[in-house]
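Written below as structure tokens is the structure these notes are about.
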Protein chains: 4
Amino acid sequence: MSEEDQRPPERARRLPRAVRERQILDAAVQVFSRHGYHAASMDEISDVAGVSKPMIYTYLGSKEDLFGACIRREATRLLEAIQAGVQPDLPPDMQLWHGLRSFYRFVAEYRESWTVLHRQALTVGGAFAAEITDMRARAIQLVAALVVSAGTRKGVGEQAEFSGEGLAASLVGAAESLADWALDHPDISDGVLASWLMNLVWLGFNDLIEGAVWKPSE
Amino acid sequence: MSEEDQRPPERARRLPRAVRERQILDAAVQVFSRHGYHAASMDEISDVAGVSKPMIYTYLGSKEDLFGACIRREATRLLEAIQAGVQPDLPPDMQLWHGLRSFYRFVAEYRESWTVLHRQALTVGGAFAAEITDMRARAIQLVAALVVSAGTRKGVGEQAEFSGEGLAASLVGAAESLADWALDHPDISDGVLASWLMNLVWLGFNDLIEGAVWKPSE
Amino acid sequence: MSEEDQRPPERARRLPRAVRERQILDAAVQVFSRHGYHAASMDEISDVAGVSKPMIYTYLGSKEDLFGACIRREATRLLEAIQAGVQPDLPPDMQLWHGLRSFYRFVAEYRESWTVLHRQALTVGGAFAAEITDMRARAIQLVAALVVSAGTRKGVGEQAEFSGEGLAASLVGAAESLADWALDHPDISDGVLASWLMNLVWLGFNDLIEGAVWKPSE
Amino acid sequence: MSEEDQRPPERARRLPRAVRERQILDAAVQVFSRHGYHAASMDEISDVAGVSKPMIYTYLGSKEDLFGACIRREATRLLEAIQAGVQPDLPPDMQLWHGLRSFYRFVAEYRESWTVLHRQALTVGGAFAAEITDMRARAIQLVAALVVSAGTRKGVGEQAEFSGEGLAASLVGAAESLADWALDHPDISDGVLASWLMNLVWLGFNDLIEGAVWKPSE
DNA sequence: TATGAATGAGGGTTCATTCAT
DNA sequence: CATGAATGAACCCTCATTCAT
């Protein structure tokens, strides 16, 4: 309103396209994570982004396109965050632990990204579910390949007592579920969360009952 | 559908309220599981139920009420199915295994119930998420109380390396994730699924790598 | 507004479907004829029909469907009106004259029907243009088949100086164009309009210049 | 496009205003003829013209202004083309025939011009319809004045059997309709088309049935 | 001069919900 | 009891038009 604002912060005008796209994606992730795909409205996204609706359509396409762009950006961020935390020259358990720490750090820092990816992406159906499933598969392979491959030792392979694919799905589910739980307990650090999970999947209840405890070796 | 209809079943009239409600809930679960809460339409539900829309509103209330009724009925079914499978006089690992078997049997038999509970219930937000979370908590306590309590031995309690609540969340997540995976692999029996999960959470990767394998003892 | 209206005429409620469909089609023809397909809005149509928009979609489908229904209804009306006027046991020229009279009577009485059919139907493109073209073809065959077939006498067939199809297209165009002109001259009776056209297409300029004049022989 | 561009033709800059206006009008005629007034978008026009949208508004004004400019330019072209073909020192029928040939030659060569004028101009409503009607009137007077005036011989004037204005409207309609038909039959030459029409409007069905045929005398 | 960036306004369509019969 | 008929409200999307560079 006032004519003497040095820089009009109300709504910065005439920004380059890349900046606007980022603004829009940020807003979209926020709104999608709050309401889910169907309940989210383009109006709210445009409001949050500080941009008119036509800009969204011009830059990012339809609602579905926009959602896809969100999913892809956040998935890439997550994978990169995990990859950045893994150190290939450590023993398997420590690699797994570091990967998990990175994962929980990401979830804590980017709650909305995680919510969109984990909870909302599957509700759209069709192409997105497949995309997300793919990324889950890549995530598990990235983090747990070493463990699973170590587990399939000595020609045991797939059998009634053991299945790499099944264990992988279970491990990922456990990690995700703990991440959701951690969203309601922000005081638990990522290192502790990762340790808990290690005690479950590395030692197992049997060892825990016996009094054994897993700790990071370093 | 009923076995003794004498009169033309075009649209049975004057049915007792309880029967009508069951028809409607069955249809709602089916439709909600297919499309999710938001994408499901009351029109489709009334079509599938073979009942006019005003009846749904008269008997079950608003769309949200209807969804809540579905969730509660299916959750009760699930919990009862699991409870029916547990045998309290077995050792802890066998109790866990039997509980898991019951769970996977239920998921295989009532896919739609499981889908509604696991995937669709969380996308509505607000009251339902809490309700579902509650039921998850009760489920984990039901199945894993023995294990967790056994794990919290010797006054260790909650600490960095160990947390009953956190482990419980992880275990439930693992079981659920494997259930989802099993939906795409209907040839895997519930006993095998339960065994896989036992090998993960009872023995842990460390023992698996060492060559140990968990098997049902009975 | 007043509470004592014997019959509420503001918006009759709870009418049977067939009645509503007619109301809607009437309104749609009126609005489409005024603004054309693209400039017409479903809002205005629903206002004119005294019906909410969802009713239109429930009963007649999309805007394009609605337009199609208008076109088909009006075209049927027009064809029936013309057919009703033709008397097969008259000589060819009198048959043509009677058909033309019916045509001009219809156009005068149902201006909007004619406008929709003639001017607006071609602007939608695709399927409708073909449909309209078909109806034009049937109309010309209905009215002028006798004349054209009489014209293609003595094995002349299609050649440089003469073509049944081309003449038909020209005749229809002449009749249509005169109909448009007549819309702005409502004082000219259908009999006169038909006579003018007969003098053009039956006698031709050459005879007219020579002083010949065509008159209905009755 | 221009034959002597030295510099890269990506998007020629600093062109004189007249050239730009021609580019824009060419594009507009093309797009309007394809989609009609309402369905045509300024975006597509600017794309086809290779010019940014603000230029269009600067040079030609609003969409309606632009359409008006198209209509006027193309109508002028058409009238000039017909005028160029008429030779005032021939007998009336030959004058008419030559005028028609010019008309059909123009339609064949400038399909888009013809489409815009004939089909799309009337759908906008209001001022344009009047403008187009005016031009039609001038066209008919230009081509058929001789005939009509010859027809209104011997003080007969306007009467039930005969009307200069009505015949003119009919003749123009016949010529236009045949032009539309010819768009789908490009193998028919303009001379043949003109002859067909002459056989209809000069001789009439009566003479045709009698075996008479009109041929260009020259 | 020429344009990328930006939007107000409106259109088609659907859906949860409720009367009136 | 049971339902066909009806709608307010909202949502996704597009387009003519203009500003600021």
Side-chain angles (χ1 to χ4, degrees), chain A residues 8 11-17 19-21 38-46 50-59 61-66, chain B residues 11-17 20 37-46 50-59 61-66, chain C residues 11-17 19-21 38-46 50-59 61-66, chain D residues 11-17 20 37-46 50-59 61-67:
Chain A
R11 175 166 294 193
R13 289 176 178 264
R14 217 63 21 176
L15 296 182
R17 175 170 183 149
V19 177
R20 281 278 190 248
E21 285 189 352
H38 290 286
S41 86
M42 297 298 270
D43 269 297
E44 184 176 352
I45 293 175
S46 79
V51 159
S52 71
K53 262 190 299 181
M55 292 253 59
I56 302 183
Y57 286 91
T58 303
Y59 286 164
S62 73
K63 189 184 187 183
E64 203 169 323
D65 293 339
L66 176 59
Chain B
R11 175 165 294 193
R13 291 175 175 264
R14 303 274 156 171
L15 292 184
R17 174 165 183 147
R20 274 279 141 86
Y37 176 77
H38 290 286
S41 85
M42 297 297 274
D43 269 299
E44 184 174 354
I45 293 174
S46 81
V51 161
S52 72
K53 267 190 295 180
M55 291 240 48
I56 301 183
Y57 284 89
T58 302
Y59 284 166
S62 73
K63 186 183 187 184
E64 204 169 323
D65 293 338
L66 176 58
Chain C
R11 176 166 296 193
R13 289 176 178 265
R14 214 79 2 188
L15 295 182
R17 175 170 182 147
V19 177
R20 282 279 189 246
E21 283 189 354
H38 290 288
S41 83
M42 297 298 272
D43 269 298
E44 184 176 353
I45 294 175
S46 79
V51 160
S52 71
K53 265 192 296 180
M55 291 252 58
I56 303 183
Y57 285 90
T58 301
Y59 286 164
S62 73
K63 188 184 187 182
E64 202 168 327
D65 293 338
L66 175 60
Chain D
R11 174 166 293 194
R13 291 173 175 265
R14 304 275 155 170
L15 292 184
R17 174 163 183 148
R20 276 279 141 88
Y37 176 76
H38 290 286
S41 84
M42 297 297 272
D43 269 298
E44 183 173 355
I45 294 175
S46 82
V51 161
S52 72
K53 266 189 297 181
M55 292 237 49
I56 301 183
Y57 284 89
T58 303
Y59 283 166
S62 73
K63 187 183 185 183
E64 204 169 324
D65 294 338
L66 176 59
F67 188 68

- [ ] Take atom CG of A/D43 and atom P of F/dT14, then tell me their distance rounded to the nearest Å.
- [x] 15 Å
Open item on the list: What's C/A40 touching, base or sugar-phosphate or nothing? Going by heavy atoms closer than 4.0 Å.
Closed with: sugar-phosphate
Task: Pairwise distance CD1(D/I56) to CG(D/D43) - rounded to 0.5 angstrom - done: 9.0 Å
- [ ] Check every atom of F/dA2, F/dT17, E/dT7 against the side chain of A/V51 and return the nucleotide holding the closest atom.
- [x] E/dT7
Open item on the list: If you go through the side-chain atoms of C/K53, does one of them form a donor-acceptor pair with the base of E/dT13 closer than 3.5 Å?
Closed with: yes
Task: Nearest-angstrom distance from the residue atom CG of D/D65 to P of F/dA16 - done: 14 Å
TODO: Compare every heavy atom of B/S46 with every heavy atom of B/S52, then report the nearest pair and how far apart it is.
DONE: C-CB, 4.2 Å
Open item on the list: Counting only side-chain heavy atoms from C-beta out, which of E/dG12, E/dA16, E/dA2 sits nearest to C/S41?
Closed with: E/dG12
TODO: Whole angstrom is fine here: how far is it from CD1 in A/I56 over to P in F/dC12?
DONE: 10 Å
Task: For atom CG of A/L15 and atom P of F/dT21, their distance in whole Å - done: 11 Å
Task: Euclidean distance, atom CD of residue A/E44 to atom P of F/dC11 [Å, nearest integer] - done: 9 Å
TODO: Could you work out which one of F/dC19, F/dC15, F/dT7 sits closest to the side chain of C/P54?
DONE: F/dT7
- [ ] Among E/dA16, E/dT13, F/dA5, find the nucleotide with the atom closest to the side chain of C/M55.
- [x] F/dA5
- [ ] Looking only at side-chain atoms of D/R20, point me to the closest of F/dC1, E/dA6, E/dA2.
- [x] E/dA2
Open item on the list: Measuring from the side chain of B/K63 (C-beta onward, heavy atoms only), which nucleotide among E/dT17, F/dT7, F/dC1 has the closest atom?
Closed with: E/dT17
- [ ] Find the distance C/I45:CD1 to E/dT13:P and express it as a whole number of Å.
- [x] 11 Å
TODO: Provide, to the nearest angstrom, the distance between the NE2 atom belonging to D/H38 and the C1' atom belonging to F/dC15.
DONE: 13 Å
Open item on the list: What is the separation between atom CG on D/L66 and atom P on F/dC15, rounded to the nearest whole Å?
Closed with: 16 Å
Open item on the list: Would you say B/R17 places a side-chain N or O within less than 4.0 Å of OP1 or OP2 belonging to F/dC1?
Closed with: no
Task: Sugar-phosphate, base or nothing in reach of C/S62, heavy atoms under 4.0 Å - done: sugar-phosphate
TODO: Starting from Watson-Crick (N1-N3 plus N6-O4 or O6-N4) and G-U wobble pairs under 3.5 Å, report the runs of at least three that DNA chain E belongs to.
DONE: E:2-21 with F:2-21
Open item on the list: For a 4.5 angstrom cut-off between non-hydrogen side-chain atoms, does A/M42 reach A/Y57?
Closed with: yes
Open item on the list: How long is the straight-line distance from OH of C/Y59 back to CG of C/L66, given to the nearest 0.5 Å?
Closed with: 14.5 Å
- [ ] Report yes if a side-chain nitrogen or oxygen of C/Y57 is closer than 4.0 Å to either non-bridging phosphate oxygen (OP1 or OP2) of E/dC15; otherwise report no.
- [x] no
- [ ] Identify, between B/G61 and C/M42, the residue whose nearest nucleotide on DNA chain E lies closer to the 5' end.
- [x] C/M42
Task: Closest non-hydrogen atom pair, C/K63 against C/H38 - done: NZ-O, 3.5 Å
- [ ] For residues B/T58 and B/R17, report the shortest heavy-atom separation together with the two atoms involved.
- [x] O-NH2, 4.0 Å
